[in-house]
Q: 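Pasting a structure below so you can have a look.
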Amino acid sequence: MFLLVFAVPALLVVVLGYVVGYGLWSWIGGCLDAVLGTSLAGGAEIAGWVTGLVLLLGVVRAAIRRSRARRP
């Protein structure tokens, strides 16, 4: 039960970051593919995972800083 308290919010943050990163990369890559004839949209999954992990690291860092600032 203790693990779920941390795992579920962490997974939600990663999934949210994945969706945003995947969507942005697909949209930008699709626009550039149409204009330049490249294949950038294929890297959307990697961009999604990286965005999700970076968002998770940012949330964890913010939580640690906030908890340290509250201590007297």
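Side chains included, hydrogens not; waters and symmetry mates left out as well; all remaining heavy atoms used.
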Q: Is there a path of hydrophobic side-chain contacts, each under 4.5 Å between heavy atoms of I/L/V/M/F/W/Y residues, joining W25 to L53?
A: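 L53 and W25: separate clusters.
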Q: Taking I46 as the starting point, is it possible to reach L55 by hopping between hydrophobic residues whose side chains are less than 4.5 Å apart?
A: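 No, no single cluster joins them.
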Q: Under 4.5 Å between any side-chain heavy atoms of V14 and W49, yes or no?
A: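 V14 reaches W49 side chain to side chain.
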Q: Can you give me the closest heavy-atom contact between V59 and V13, atom names plus distance?
A: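 So the minimum-distance heavy-atom pair works out to CG2-CG1, 4.1 Å.
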Q: Using a 4.5 Å cut-off on heavy atoms from C-beta on, say whether the side chain of E45 contacts that of Y18.
A: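 SC-SC contact between Y18 and E45 confirmed.
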Q: Identify the heavy atoms of S67 and I64 that sit nearest to each other, and give their distance.
A: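 Residues S67 and I64, closest heavy atoms: OG-O, 2.9 Å.
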Q: Mind checking the CG-CG spacing from L56 to L11? Nearest 0.5 Å is all I need.
A: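 Reported value, rounded in 0.5 Å steps: 9.0 Å.
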Q: Should we count CG of L32 as having more than 12 external heavy atoms under 6.0 Å?
A: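 Count over threshold, so yes.
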Q: What residues form a side chain to side chain contact (heavy atoms under 4.5 Å, CB included) with V8, not counting sequence neighbours?
A: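 Scan of V8 (side chain to side chain contact (heavy atoms under 4.5 Å, CB included), adjacent residues dropped) gives L4, L12.
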